Participant: 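This is the structure I have questions about; it appears just below.
None of these values were measured; they are calculated from a predicted model. Lettering of chains follows the sequences in order, A, B, ..., and the numbering in each one begins at 1.
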2 protein chains.
Amino acid sequence: MVFNPDDPRVRKTRRGLQEAFIRLILKKGYDAVSIQDIATEAEAARITFYRHYADKEELLTDCLNTLYEDLAQTTERVSKEALAQGISPLRVLYDHIEAHEPLYRILFSSRGTHTVLERLRHHLATHALKGIQDFVGASDLQIPPDIIAYHAASAQIGLAMWWLDHDKPYPIVYMAQVSVWLTLGGLLRALGIPEFPLPIPAQPSGG
Amino acid sequence: MVFNPDDPRVRKTRRGLQEAFIRLILKKGYDAVSIQDIATEAEAARITFYRHYADKEELLTDCLNTLYEDLAQTTERVSKEALAQGISPLRVLYDHIEAHEPLYRILFSSRGTHTVLERLRHHLATHALKGIQDFVGASDLQIPPDIIAYHAASAQIGLAMWWLDHDKPYPIVYMAQVSVWLTLGGLLRALGIPEFPLPIPAQPSGG
DNA sequence: TTACTTAAGATACAAAGTGTAACATAAATC
DNA sequence: GATTTATGTTACACTTTGTATCTTAAGTAA
């Protein structure tokens, strides 16, 4: 069934289903949510769900895709504005997580359809690699760059997950700084310049 | 319903259900597997499933718990035998992944019930912290140790996931070495001793 | 405004899956 | 060999799924 995504009715319906689904997942968990539940919560007919999505998985993917695209756009925008002024992509990520906390909780809670989480990891890996290249040019690394990039990206995503899981025990700015800092430690060694000066982030004042 | 786990019939049934479930997940994906499917694959009556597990999730958790306990035991055993001879817990992990590849694929593929993956991360974080402490004693770190530990553990798990996802592009020994090496780079900086000598792993011969 | 197009709602239905019950059979334990 | 315990068989009520048909309502364009 083909829909016109610009039709206000279509947009309203899809938004309603997405938001209802997110609310229900956070309340009952993914598996416990039936399609009937989603339709009821969204105040729509059950068949309307099937007209837009094949199953729950597809709806979830749609939700998370929207989230990822929003993050990618924000990163892009901020990069142009103020990346040179020292705002790292990680700062953007942490801000984004806080702004869309419910969805990130779902994405991080092992229900996040491999694809989207993988794309996020790839996103961070790309930025990490780019950072390395801006830093050393075509200097030959002694460790394969794909390994470095995925090591860094995994650490950063994992730390963000941990941060959210533990109800944000440190402020955003500090997390972003430390994440960069710990990652760069490994990178600088991989680049053969462990002595490179890298100011340590200031300890946070409160929890 | 209470069962005697030592009864041969019980063990046979549970093992059969677990193995059948793993086969089916790898073939059709978690969501597509019904309890009837599991029972049929295991050549058991459907009601037998309900006598042992409340739902699919519980069965999966059982599978993954077994996996984790086996890893923890192996780590413990190897630690005593040969940790001093330079076999890192990461080497044990990579060996374990290779030996139980199907289950690890499930655990890593965002179906791994937060709990078990989280326990694995905690496991690695603990070892990382212990490594730091053995290294510097009670030296005061400038970065909170929980952050360091989870950063390291996330990087290591993430890299292992990446490695499996990309069909093991590098040999195990190399991955374990590089993983330790990249992680230690950050740690050594956190410890304030970036100049500490750390021999770079040798490049792998083939892919 | 009217006519046209398209999406959503109402109702119904077959098929599959879930969770439980009562009873019969087979395997383990003593 | 008798007893205990786990599994198998059959049956049932209930929920969920996915689809079909027809009606109503909302957007679009003359």
Side-chain angles (χ1 to χ4, degrees), chain A residues 1-66 106 111 113, chain B residues 1-66 106 109-111 113:
Chain A
M1 199 162 287
V2 182
F3 286 98
N4 175 10
D6 296 330
D7 190 315
R9 294 168 293 181
V10 173
R11 300 207 300 171
K12 184 186 166 198
T13 299
R14 291 192 179 164
R15 191 156 30 83
L17 289 172
Q18 289 178 17
E19 289 169 1
F21 193 27
I22 293 166
R23 281 196 299 274
L24 290 171
I25 292 180
L26 291 171
K27 191 164 71 179
K28 306 168 46 171
Y30 180 90
D31 287 321
V33 178
S34 74
I35 292 171
Q36 178 66 71
D37 289 338
I38 301 171
T40 305
E41 174 80 17
E43 294 176 81
R46 189 168 61 90
I47 197 179
T48 301
F49 176 94
Y50 290 109
R51 286 190 178 118
H52 291 273
Y53 302 103
D55 48 32
K56 279 196 293 179
E57 201 67 41
E58 202 174 298
L59 173 54
L60 180 63
T61 303
D62 198 27
C63 297
L64 297 176
N65 276 341
T66 307
I106 293 169
R111 215 22 273 187
T113 40
Chain B
M1 198 161 288
V2 182
F3 285 100
N4 174 11
D6 295 329
D7 190 315
R9 293 170 293 181
V10 173
R11 301 206 301 170
K12 185 186 167 198
T13 298
R14 290 193 179 162
R15 191 156 32 83
L17 290 172
Q18 290 178 17
E19 289 170 1
F21 193 27
I22 293 166
R23 281 196 299 275
L24 289 171
I25 291 179
L26 290 171
K27 191 163 71 179
K28 307 167 49 173
Y30 180 90
D31 287 321
V33 178
S34 74
I35 290 170
Q36 177 65 71
D37 289 338
I38 301 171
T40 305
E41 175 80 18
E43 294 175 82
R46 188 167 60 91
I47 198 178
T48 301
F49 176 95
Y50 290 109
R51 287 186 178 123
H52 291 273
Y53 303 103
D55 48 32
K56 279 195 294 179
E57 201 68 42
E58 202 173 296
L59 173 56
L60 180 63
T61 304
D62 199 27
C63 297
L64 297 177
N65 276 341
T66 307
I106 293 169
S109 71
S110 80
R111 220 15 280 184
T113 38

Participant: Would you mind reading off the distance between A:Asp7 atom CG and D:dA25 atom P, rounded to a whole angstrom?
Facilitator: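 Atom CG in A:Asp7 sits about 17 Å away from atom P in D:dA25.
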
Participant: Looking only at the side chain of B:Ile47 (C-beta and beyond, no hydrogens), which of the listed nucleotides C:dG9, D:dG8, D:dG18 gets closest?
Facilitator: D:dG8

Participant: Can you tell me the distance, in whole Å, between the CG atom of A:Asp6 and the P atom of C:dA7?
Facilitator: 12 Å

Participant: I need the CZ-P distance between A:Phe3 and C:dT6, as an integer number of Å.
Facilitator: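 For the pair A:Phe3 CZ and C:dT6 P, the rounded distance is 12 Å.
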
Participant: If I compare all heavy atoms of A:Lys56 with all of A:Phe49, which pair ends up nearest, and what's the gap?
Facilitator: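 For A:Lys56 versus A:Phe49, the nearest heavy atoms are N-CZ, 3.9 Å.
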
Participant: So does A:Lys28 have more than 12 non-hydrogen atoms from other groups sitting under 6.0 Å from NZ?
Facilitator: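 Yes, the 6.0 Å shell around NZ holds more than 12 heavy atoms from other groups.
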
Participant: Please confirm whether the shortest side-chain N or O distance from B:Thr48 to OP1 or OP2 of D:dG8 is below 4.0 Å.
Facilitator: yes

Participant: Could you tell me whether the side chain of A:Arg46 has a donor or acceptor atom within less than 3.5 Å of a complementary atom in the base of C:dG9?
Facilitator: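 Per atom types, no contact qualifies.
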
Participant: Under the 3.5 Å rule, do the base of C:dG9 and the side chain of A:Arg51 count as making a donor-acceptor pair?
Facilitator: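 Result: at least one qualifying N/O pair found.
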
Participant: Give the rounded distance in Å between these two atoms: NZ of A:Lys12 and C1' of D:dG27.
Facilitator: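 Going from A:Lys12 (NZ) to D:dG27 (C1'), I get 13 Å.
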
Participant: Can a donor-acceptor pair under 3.5 Å be found between the side-chain atoms of B:Arg9 and the base atoms of C:dA27?
Facilitator: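 Looking at the base of C:dA27, it does pair with a donor or acceptor on the side chain of B:Arg9 (distance under 3.5 Å).
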
Participant: In this structure, how many angstroms lie between the C1' atom of D:dT15 and the CG atom of B:Asp55, rounded?
Facilitator: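 That distance rounds to 16 Å.
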
Participant: What's the spacing between A:Tyr30 OH and B:Asp31 CG if we round to 0.5 Å?
Facilitator: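 Spacing of OH (A:Tyr30) from CG (B:Asp31) equals 5.0 Å.
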
Participant: Looking only at heavy atoms, what is the nearest atom pair of B:Thr13 and B:Thr48, with distance?
Facilitator: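 That closest heavy-atom pairing would be CG2-CG2, 3.4 Å.
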
Participant: Report yes if at least one side-chain N or O of A:His52 is closer than 4.0 Å to OP1 or OP2 of C:dA8; otherwise report no.
Facilitator: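 True: A:His52 side-chain N/O within range (under 4.0 Å) of C:dA8 OP1/OP2.
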
Participant: Measure from CZ on B:Arg15 to P on D:dA6 and round the result to the nearest Å.
Facilitator: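 The distance from CZ of B:Arg15 to P of D:dA6 comes to 17 Å, rounded to the nearest Å.
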
Participant: Between C:dG19 atom C1' and B:Glu58 atom CD, what is the distance in whole Å?
Facilitator: 14 Å

Participant: In terms of the nearest nucleotide of DNA chain D, which residue is placed more toward the 5' end: B:Ala45 or A:Gln36?
Facilitator: B:Ala45

Participant: Please report the interatomic distance NE2(A:His52) to CD1(A:Ile47), rounded to the nearest 0.5 Å.
Facilitator: 10.5 Å

Participant: Distance check needed: D:dA6 P versus B:Tyr50 OH, whole Å only.
Facilitator: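 Rounding to the nearest Å, OH of B:Tyr50 and P of D:dA6 are 20 Å apart.
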
